[in-house]
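Whatever order the structure lists them in is the order used to number ligands and atoms, beginning at 1.
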Amino acid sequence: MKTPNDLFSRLKKFMPADVQPKFKNGEELLAWNQEQGRLRSEAIVRENRAMKMQRIMGRSGIRELHMNCSFDNYRVENDGQRKALALAREYAAGFDNSIASFVFSGRPGTGKNHLAAAIGNDLILRGKSVLIVTVADLMSSMKGTFSGGSDITEERLLQDLSHVDLLVIDEIGMQSESRYEKVIINQIVDRRSSSKRPTGMLSNLDPAGMNGLLGERVMDRMRLGTSLWVRFDWESYRSRVRGDEY
Ligand SMILES: Nc1ncnc2c1ncn2[C@@H]1O[C@H](COP(=O)(O)OP(=O)(O)OP(=O)(O)O)[C@@H](O)[C@H]1O
């Protein structure tokens, strides 16, 4: 049987003298080959995950606007922001094997989406699947399953949403949620918590408002484990966004 060293010697014979190979002997060739295999299989996992997100919501898991949001580009100018940033970092760091959900509530433009996307981007880099979706998008996807043209059923969509490692539901309370919306959010959070998967919620309502809107049952499930509830009660950052910072 040919050894990696035999193979390397043969390769060298065909190699033009001015070509510098990435490896100097058979062992290095083997290691390089294994590394290429590992990179390729990681790329396949990433592609599969992206295709799954594409199938669930027709786009990648994090919207373009928030793809570059990170912990590092979240600016800290007051104690509230400092605490929110530290807690979000801690949440991402402890995500593996955790069932804890998070609720970011408070004023518009204060960075709830930014820090949720920073958590999401950090997890994606660690190979997790993440989907950040508004209630409106969620409902239009659910309703889309009723149309004759859709090849995905309501049950299948619910299942897909329940299997994403982290699902963040944005704009809770933006519209007066209908009974159907409450049932769907209930089912998603219920299924996710039963399979030990955390959910993030972003809202302009305070916790009492969210309780009133979604009901005690859902919000109680959001408290599983060492859950994270952060109030964002400082000035909006939006007027300072130029659009080219990240
Ligand atoms: N502390 C911060 N440092 C840097 N950028 C910030 C900060 N806070 C917010 N931003 C930026 O301001 C914009 C608005 O923030 P974001 O979308 O996170 O607000 P939000 O709290 O989710 O608002 P809403 O409740 O209206 O959805 C985003 O572009 C975000 O990246």
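E77 CD: more than 12 foreign heavy atoms inside a 6.0 Å radius.
A donor-acceptor pair under 3.5 Å is formed between the side chain of N121 and the backbone N or O of C69.
The shortest side-chain heavy-atom distance between T110 and Q81 does not fall under the 4.5 Å cut-off.
Distances between N or O atoms of G111 and those of ligand 1 include at least one value under 3.5 Å. Checking only distances, D170 never comes within under 3.5 Å of ligand 1, N or O to N or O. Of the N or O atoms in G106, none lie within a sub-3.5 Å distance of an N or O in ligand 1.
Within the structure, the closest approach of V241 to ligand 1 falls below 4.0 Å when heavy atoms are considered. Heavy-atom separations between N73 and ligand 1 include at least one value shorter than 4.0 Å. Distances from ligand 1 to the non-hydrogen atoms of Y74 include at least one value under 4.0 Å.
With salt bridges taken as basic N to acidic carboxylate O contacts below 4.0 Å, one links K128 and D96. Salt bridge annotation for R63-D170: present, with a cationic side-chain nitrogen under 4.0 angstrom from a carboxylate oxygen. Checked for salt-bridge contact, R221 and D190 meet the test: a charged N lies under 4.0 Å from a carboxylate O.
Here the shortest heavy-atom distance to atom 1 (N) of ligand 1, taken over R75, E171, H114, belongs to R75.
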| Check against side-chain contact (heavy atoms from CB on, under 4.5 Å), F102 and V230 | CA-CA 8 Å; F102 69 84; V230 186; over 6 Å; no
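Evaluation of the side-chain hydrogen bond (donor to acceptor under 3.5 Å, both in side chains) rule for R10 yields no partner, not counting sequence neighbours.
Looking at Q81 against ligand 1, only its side chain comes within 4.0 Å, counting heavy atoms. Using a 4.0 Å cut-off between heavy atoms, E77 makes no contact with ligand 1 at all.
Close contacts between ligand 1 and H66 involve ligand atoms 17 (O) [criterion: under 4.0 Å to a heavy atom]. The N113 neighbourhood of ligand 1 comprises atoms 16 (P), 17 (O), 18 (O), 20 (P), 22 (O), 27 (O), with distances under 4.0 Å to a heavy atom of that residue.
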